[in-house]
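Structure, as structure tokens:
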Amino acid sequence: MGLAMFRELAADPAAGVRIAHGIEVSRGTPGADDTPPAWLTELDGYHPCQPAELPAGFTSGWRYSAPLVHMPTYLGYLQARFESADGKIETGTVSSLLETARDCGARAVVNCAGVGARHLVPDPAMTPVRGQVVVAANPGISEFFIGAGDESAELIYLFPHGDTVVLGGTEAVGDWNLEPVPAVADRILRDCAAVEPRLRAAQVLAHRVGLRPVRPTVRLEAEPASAAGDGPLILHNYGHGGGGVTLSWGCARDIAGLLAN
Ligand SMILES: Cc1cc2nc3c(=O)[nH]c(=O)nc-3n(C[C@H](O)[C@H](O)[C@H](O)COP(=O)(O)OP(=O)(O)OC[C@H]3O[C@@H](n4cnc5c(N)ncnc54)[C@H](O)[C@@H]3O)c2cc1C
């Protein structure tokens with residue numbers, strides 16, 4: 001469902017979504033990990049990379065086209081769409097889902113607290129996987145690049161968004177630090193410039209950190225006690241790890257189905 005939705009959104013310039021071309025490469029033994037995941041072959045333009053397309057140090061990969069989302073634009077678009085449907089946004093810290101639902105007189109509350117669910121639910125299965133990125137002025141890059149991390153090297157990616165390019169990345173399990181670490185930013189810039197020499201004199205515009213809300217499985221269900229009782233219905237929708245944007249529309253549809261029952 002997500003792929004169909006993002007393809008549709010790519011037709012709306014306000015949504016911040018476009019279909020981008022690029023490559024995803026790995027350092028594995030040639031031939032040993034050349035089998036693409038099933039979803040990849042559903043994307044337009046999919047084909048294995050030719051050796052000449054691979055930067056130094058990478059041994060195999062795929063070229064494909066996929067929806068690329070500029071998150072600040074997309075979140076603004078979603079907010080406007082929600083408000084035009086008479087949705088109201090209030091911000092604040094929630095310490096109890098049940099009490100919040102009662103205080104608001106709500107029939108139901110949907111918990112989308114991400115890694116915050118670890119303390120809010122509480123759910124000890126939730127783990128932050130920290131990601132740090134550098135936002136730089138785009139020196140003319142039009143294609144995305146994803147170089148998978150492994151035991152020999154870290155994750156490297158470049159996602160161009162018009163005048164800017166997002167450079168990554170990191171996957172630090174259990175790290176709650178929301179502050180950018182300068183040494184990590186330097187490593188990201190060095191690795192990205194090795195893949196794309198036009199980034200050697202990159203003008204850095206911003207540093208960003210996010211926590212991927214990782215859980216062994218996504219939790220998408222009604223709180224059993226609330227489903228059985230007369231009180232507000234508590235629905236959980238968290239634990240999407242590094243795929244929460246991809247999974248968002250499908251999970252939202254499933255939550256809407258639970259609300260309708
Ligand atoms: C560097 C990086 C790269 C990523 N790349 C991709 C990608 O390419 N594709 C993809 O699909 N996904 C990607 N992700 C993952 C994606 O961003 C997450 O899966 C997604 O944001 C999860 O959405 P969420 O709404 O469940 O949680 P979040 O986005 O974490 O939002 C949770 C919200 O709940 C709020 N909150 C938490 N606790 C409380 C509380 N007690 N009271 C009030 N508010 C609370 C938080 O402040 C936050 O605003 C990436 C993540 C990172 C960090």
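As the structure lists them, so they are numbered: ligands from 1, and atoms in each ligand from 1.
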Could you pull out, from His119, Arg130, Arg118, Arg212, the option with a heavy atom nearest to atom 52 (C) of ligand 1?
Arg212
Between the side chain of Arg130 and the main-chain N/O of Asn177, is any donor-acceptor distance below 3.5 Å?
yes
Are there protein heavy-atom neighbours of atom 46 (C) of ligand 1 below 4.0 Å?
no
Measure the distance from atom 17 (O) of ligand 1 to every protein heavy atom, then report the residue, atom name and distance (to 0.1 Å) of the closest one.
Val245 CG2, 4.3 Å
Shortest protein contact, atom 13 (C) of ligand 1 (heavy atom only)
Gly242 O, 3.2 Å
Closest protein heavy atom to atom 25 (O) of ligand 1, given as residue, atom name and distance to 0.1 Å:
Cys112 O, 4.0 Å
Arg212 versus Glu171: any side-chain heavy-atom pair under 4.5 Å?
yes
Atoms of ligand 1 close to Gly243 [distance to a heavy atom under 4.0 angstrom, numbered from 1]:
10 (C), 11 (O), 12 (N)
Any heavy-atom pair between the side chains of Phe159 and Phe145 that's under 4.5 Å?
no
Heavy-atom nearest neighbour in the protein, as seen from atom 27 (O) of ligand 1, with distance rounded to 0.1 Å:
Gly114 CA, 3.5 Å
Regarding atom 34 (O) of ligand 1: of the candidates Ala113, Gly2, Ala66, which has the closest heavy atom?
Ala113
Give the numbers and elements of all ligand 1 atoms closer than 4.0 Å to a heavy atom of Gly116.
37 (C), 38 (N)
4.0 Å protein heavy-atom contact status of atom 32 (C) of ligand 1, strictly under
yes
Look up atom 49 (O) of ligand 1 and tell me if a protein heavy atom lies less than 4.0 Å from it?
no
Just list the side-chain donor-acceptor pairs under 3.5 Å for residues 237-246, sequence neighbours left out, or say none.
residue	atom	partner	partner atom	Å
Asn237	OD1	His240	NE2	2.9
Tyr238	OH	Asp123	OD2	2.7
Tyr238	OH	Arg219	NH1	3.2

heavy-atom search around atom 44 (N) of ligand 1 in the protein gives Gly92 O, 4.1 Å
Do Trp62 and Pro37 have side chains that get closer than 4.5 Å, going by heavy atoms?
yes
Is Gln132 reaching over with its side chain to a backbone N or O of Val181, donor-acceptor style, under 3.5 angstrom?
yes
Mark up the atoms of ligand 1 that fall under 4.0 Å of a heavy atom belonging to Thr93, in ascending order.
42 (N), 43 (C)
For atom 21 (O) of ligand 1, decide whether some protein heavy-atom distance is shorter than 4.0 Å.
no
Validation row, ring centre Phe144 to ring centre Tyr64 under 6.0 Å:
yes
I'd like to know if Arg187 and Asp191 make a salt bridge, using a cut-off of under 4.0 Å between side-chain N and carboxylate O.
yes
Option whose closest heavy atom lies nearest to atom 41 (N) of ligand 1, chosen from Leu211, Leu155, Val94, Asn111:
Val94
With respect to Thr246, determine whether any N or O atom, backbone or side chain, lies less than 3.5 Å from an N or O atom of ligand 1.
yes
Which of the atoms in ligand 1, numbered in the order shown and given with their element, are less than 4.0 Å from a heavy-atom of Tyr157?
1 (C)
Counting only heavy atoms not in Glu143, do more than 12 fall under 6.0 Å of its CD?
yes
Purely on distance, is any nitrogen or oxygen of Pro213 under 3.5 Å from one on ligand 1?
no
Can you see which heavy atom on Ser96 is nearest to which on Leu120, and at what distance?
N-CD1, 4.1 Å
Donor-acceptor pair, Arg198 side chain versus Gly140 backbone, under 3.5 Å?
yes
On a heavy-atom basis, which atom in Ala117 and which in Asn111 lie closest, and how many Å separate them?
CB-ND2, 4.3 Å
Which ligand 1 atoms are under 4.0 Å away from a heavy-atom of Gly210?
53 (C)
Under 4.0 Å from atom 29 (O) of ligand 1, can you find at least one protein heavy atom?
no
I'd like to know if atom 10 (C) of ligand 1 has any protein heavy atom within a distance of less than 4.0 Å.
yes
Any pair counted as salt bridge (Lys or Arg N to Asp or Glu O under 4.0 Å), so long as it reaches residues 39-61, sequence neighbours left out:
Arg7-Asp44, Glu53-Arg63
For Gly241, the ligand 1 atoms whose distance to one of its heavy atoms is below 4.0 Å:
15 (C), 18 (C), 19 (O)
